[in-house]
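Input: a single structure, listed below in structure tokens.
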Amino acid sequence: MGREAAIIGSAEAAAAREAAIARSAEAIRQHSGHAILIEAGAEPVIERLAGQDRPAPDVPPELWAWTFVVKDMIDVAGLPTTRGSALYGSEEALTTAPCVEALERAGALLVGKANQHEFAWGVTSENPHWGDVRNPRHAHLSPGGSSGGTAAALAAGIARFGLGTDTGGSVRIPAACCGVVGLRPGAGAVPSEGVAPLAPMFDVVGPMTTSVADCARVWRVLSGESVEPPDSLPGLVVGVAEGCAQAGEFADLGAEVREIALPYDILPPYWTIVGAQARRTHEATYPRAAESYSEGVRRKLDRAAGIGHREYRRAVEELAAIRARFSAEMSGVDLLIMPTLGGPAPRFGCDEAAVRGEVGRLTAVVSALGLPALAVGDLQMVGRREADVLRAGLCREARGGGVPEPR
């Protein structure tokens, strides 16, 4: 590149960065009453970003000027990590989580820490400490949880993409409620260092975007894996669960579709493991500081009390056996499709305890199976690898498949 071209490229890159920050700042202002972000630091994140001197490169990297938010379970050096709680966030994080570092190296601009359900354990993101997150697209609905602030930030135009965490559906449920896209990777696919845990056996970090194409691009930065969209899906065998409304779309793309039954008997051992691990995650503060917890999270922790090593071991063994059985039953099936939500989307102000079992039953089964999943609104695609679900999602999107609305 010649000197003159480099100067022009740098100037355009600088202008793109400034414009992206300005758009995010305006969206933050417009949605200031919606509790989408947690601003627990000394200054708003967007102002901190605007004050940073970041030379524009001659050749902008992969995600240059892409704005993003991260769920406030994820460390960013110099910012508090509240976990959506009143107990944490009094100190700044000393280091930045590797998953965030990778995005920033690719040119992405962090514009906020996203609000969430307290301790990432709930399906509504109504938070007594930091405010109840509102759904920018469907005011009568909850934004879903627990990564509700991340999904709401995308729907509001505050950020182009975000990072959430998903234990039993916390990326996918908000994607369905807010009409965006969320990827739950397989365990270990994205480093968990610098991410506060809930139940480590099932906790993962996943990207959330407004399109599958953007999701694939962010995934390439996070994982190094490039996924290209196929023109069609000939020869792909798709298992259809729960009468998924999009089955005909996959048949039109050339896939063979067949009905399958999900292993709901995996949920009791799954919830036993989640409860037992969550109790250990919180043993330093619960029940000693129980008054600082919301009533909903207290109830969940209390129900998990008394799960000892014998019950836990039985649950782990049962989970493994059901995984093996289902894998054998699904031999020859390449992809599963089903709704994301197990029932109607939760209404804003609903009783979370009354709806979470139904809302999250499908996402929890997938988490228990340990399989990657892509939620495109209220459509969930499940495969053996992240590339499987992204490829199917890209193909469908390229052929005009939209984001299914929440029920």
Side-chain angles (χ1 to χ4, degrees), residues 34-38 40 69-74 81-89 112-136 138 141-155 162-178 180 182 184 195-199 202-206 208 271 274-275 277-278 281-282 285-286 292-304 340-342 345-361 363-364 367 375 406:
H34 292 175
I36 292 171
L37 302 179
I38 290 179
V69 297
V70 299
K71 186 178 184 177
D72 209 14
M73 297 288 280
I74 303 172
T81 304
T82 71
R83 310 185 191 189
S85 161
L87 285 170
Y88 294 89
K113 300 293 290 290
N115 199 357
Q116 58 176 80
H117 209 102
E118 182 188 28
F119 291 116
W121 203 358
V123 302
T124 63
S125 296
E126 293 183 1
N127 189 307
H129 312 297
W130 298 100
D132 299 340
V133 182
R134 300 305 300 261
N135 187 328
H138 307 286
L141 298 181
S142 155
S146 62
S147 305
T150 305
L154 307 187
L163 288 182
T165 65
D166 190 310
T167 302
S170 288
V171 160
R172 292 160 289 158
I173 292 169
C177 292
C178 291
V180 298
R184 175 192 166 87
V195 182
L198 173 62
F202 303 106
D203 295 345
V204 298
V205 176
M208 303 178 72
W271 286 118
V274 169
Q277 292 193 352
T281 296
H282 288 269
T285 52
Y286 196 87
S292 297
Y293 284 71
S294 69
E295 180 183 353
V297 174
R298 283 201 305 269
R299 285 199 302 262
K300 293 166 189 171
L301 286 168
D302 288 343
R303 276 198 301 273
T340 304
L341 303 175
R347 269 44 185 173
F348 185 79
C350 69
D351 178 1
E352 195 266 346
V355 303
R356 65 172 174 263
E358 181 181 24
V359 168
R361 65 187 176 88
T363 56
S367 292

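- Between the Trp130 side chain and the Ser85 main chain, a donor and an acceptor come within less than 3.5 Å of each other.
- Qualifying salt bridge (Lys or Arg N to Asp or Glu O under 4.0 Å) partners for Asp72, counting only residues two or more places apart in sequence or in other chains: Lys113.
- Side-chain N or O atoms of Ser142 include one that pairs as donor or acceptor with a backbone N or O of Thr124 at under 3.5 Å.
- The minimum heavy-atom distance linking Pro406 with Leu141 is given by the pair CG-CD1, 3.7 Å.
- Aromatic ring centroids of His138 and Phe348 lie 6.0 Å or more apart.
- Take Asn127 and apply the side-chain hydrogen bond (donor to acceptor under 3.5 Å, both in side chains) test, not counting sequence neighbours, and it matches no residue.
- Side chain of Thr150 to backbone of Gly164: no donor-acceptor contact under 3.5 angstrom is found.
- Counting only distance, with no hydrogens or angles, the side chain of Gln116 and the backbone of Arg83 share a donor-acceptor pair below 3.5 Å.
- A distance-only check finds no donor-acceptor pair linking the side chain of Asp166 to the backbone of Val205 [under 3.5 Å].
- Under the 3.5 Å distance criterion, the side-chain polar atoms of Thr81 are left unmatched by any main-chain donor or acceptor of Met73.
- If you check the side chains of Glu118 and Ser294, you find a donor sitting under 3.5 Å from an acceptor.
- In this structure, Thr363 contributes its side chain and Gly168 its backbone to a donor-acceptor pair below 3.5 Å.
- When the side-chain hydrogen bond (donor to acceptor under 3.5 Å, both in side chains) test is applied to Tyr88, no partner is found at least two apart in sequence or on another chain.
- Judged as a salt bridge (Lys or Arg N to Asp or Glu O under 4.0 Å), and not counting sequence neighbours, the contacts of Glu352 are Lys300, Arg356.
- Residues Met208 and Ala175 share a closest heavy-atom pair of CE-N, 4.1 Å.
- Of the possible donor and acceptor atoms, none in the side chain of Gln277 sits under 3.5 Å from a partner among the backbone N and O of Leu198.
- The salt bridge (Lys or Arg N to Asp or Glu O under 4.0 Å) search around Arg298 returns none, not counting sequence neighbours.
- Residues that satisfy the side-chain hydrogen bond (donor to acceptor under 3.5 Å, both in side chains) test with Thr340, not counting sequence neighbours, are absent from this structure.
- Gly275 and Ala304 make their closest contact through O-CB, 3.4 Å (heavy atoms, listed as atom of the first residue, atom of the second, distance).
- At least one donor-acceptor pair closer than 3.5 Å links the side chain of His117 to the backbone N or O of Ser125.
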